[in-house]
Amino acid sequence: MTQQVFPQRVGQWIEGLCAVLGPPLLLAGVLVRAGTDDFFPGQLAAYAADPGRMVVSYSLFAAGVVLLWPAVVALGRRVAVTHPGWARWGVTLVVLGLFGRVFHAGVSHLAFHLVDVLGLEAAQRAVSRTYGAFHLFKAVNPAIMGGWVVLAVGAFRARAFGGGAAGVARCVALGLAAALPLGVLKGSGDPVSLVVLAGLVVALVPMGAAVLRTAPRPRWWAAALTLALIPAAFALGVLG
């Protein structure tokens, strides 16, 4: 855990950018769908009324989930300096939970397009009848909730966010992520969820900014190539 996951020149920038971008993307995704009912009938109805809004919302949220894992690794490295066990378990559980959320995002994507194919009422019936169906990723539901608590305790014990009241507050804010609703087609627009997501911003964004301030500057051609490859990869994915 104390070694760089990527080469230092690349890894610090990836981890720092992901810590800065991931939590705000999650919060933005939920804010875009604010005002919709948080459970699947209402989420499907919101898609039927304004599909563009819901696609943007769920896409932002899914992107934020994916970007969290390098940020979590960066935090785990800080914890591992003095408490490697807490770091290993915290990072492992949180990343497993992120895998589960990505799976939920894929199912939500399919459910939205059932509205396009079947109509709203038929899509709501189909989702209602299959909502509790077994899938492998049910096993990571405890990790989705508990991983953040383990990582927050580790961060507190290692003073990964610094000492004093501010450091403790950021550890608490990180642990609150355990309260974010999980599952398919969860709007997460309630006040508790918004506080939780704001807590992730408070906990991780300053850490990411600090990482970027101390990271060696990437070579200009590497940065340019990366920026060019992102839209190219997206275009290839759409065509393929």
Side-chain angles (χ1 to χ4, degrees), residues 1-6 8-31 61 63-98 101 142-182 188-218:
M1 291 296 301
T2 57
Q3 297 178 349
Q4 290 285 342
V5 175
F6 307 107
Q8 185 179 30
R9 186 179 293 273
V10 177
Q12 286 180 293
W13 275 89
I14 292 174
E15 293 171 3
L17 283 172
C18 288
V20 168
L21 296 176
L25 284 174
L26 291 171
L27 182 58
V30 170
L31 289 175
F61 192 90
V65 168
V66 172
L67 292 182
L68 278 184
W69 78 262
V72 168
V73 170
L75 176 57
R77 186 175 297 112
R78 291 187 173 196
V79 175
V81 173
T82 56
H83 292 79
W86 284 97
R88 283 192 294 269
W89 279 105
V91 171
T92 299
L93 291 172
V94 170
V95 171
L96 284 174
L98 295 176
R101 288 197 182 275
I144 292 176
M145 298 178 291
W148 293 107
V149 175
V150 174
L151 190 59
V153 172
F156 170 75
R157 298 190 64 180
R159 296 191 176 185
F161 294 133
V168 173
R170 288 174 65 189
C171 291
V172 172
L174 182 72
L176 288 176
L180 187 66
L182 60 93
S188 303
D190 59 283
V192 172
S193 296
L194 294 176
V195 169
V196 165
L197 292 171
L200 273 181
V201 173
V202 169
L204 295 180
V205 170
M207 182 194 73
V211 170
L212 292 176
R213 282 196 298 269
T214 60
R217 291 186 178 181

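The closest side-chain heavy-atom distance from W89 to V94 is not below 4.5 Å. Between F61 and L25 there is no side-chain heavy-atom pair separated by less than 4.5 Å. Between E15 and R77 there is a side-chain heavy-atom pair separated by less than 4.5 Å. A 4.5 Å side-chain heavy-atom check between R101 and I144 finds at least one atom pair inside the cut-off. Residues R170 and P206 meet the side-chain proximity criterion, which asks for heavy atoms closer than 4.5 Å. Using a 4.5 Å cut-off on side-chain heavy atoms (C-beta onward), F161 and L174 make contact. The closest side-chain heavy-atom distance from L26 to V201 is not below 4.5 Å.
For S193, the side chain to side chain donor-acceptor pair (under 3.5 Å) test picks out D190, with sequence neighbours left out.
At distances below 3.5 Å, at least one donor-acceptor pair connects side-chain atoms of W13 with backbone N or O atoms of P216.
Closest non-hydrogen pair, P23 versus C18, comes out as CD-O, 3.9 Å. For W86 against V79, the heavy-atom pair with the smallest separation is CB-CG1, 4.2 Å. Residue L68 comes nearest to L200 through the heavy atom pair CD1-CD1, 4.5 Å, listed as atom of the first residue, atom of the second, then distance. Nearest heavy atom pair, residue A87 against residue G76, reads CB-O, 3.3 Å. In terms of heavy atoms, A74 sits closest to M207 at CB-CE, 4.1 Å. Between L75 and A155, the closest heavy-atom pair is CD1-CB, 4.4 Å.
For the side-chain contact (heavy atoms from CB on, under 4.5 Å) with L98, the qualifying choice from V65, L93, L67 is V65, the only one to do so.
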Next item on the list: Verify side-chain contact (heavy atoms from CB on, under 4.5 Å) between L31 and L194, making sure each step is shown before the conclusion.
Entry: CA-CA 8 Å; L31 289 175; L194 294 176; 3.9 Å; yes
Margin query: side-chain contact (heavy atoms from CB on, under 4.5 Å) for R157 and T82? Distances and angles first, verdict last.
Written below: CA-CA 8 Å; R157 298 190 64 180; T82 56; over 6 Å; no
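Separating the CG atom in L212 from the CG atom in L17 is a distance of 5.0 Å, to the nearest 0.5 Å.
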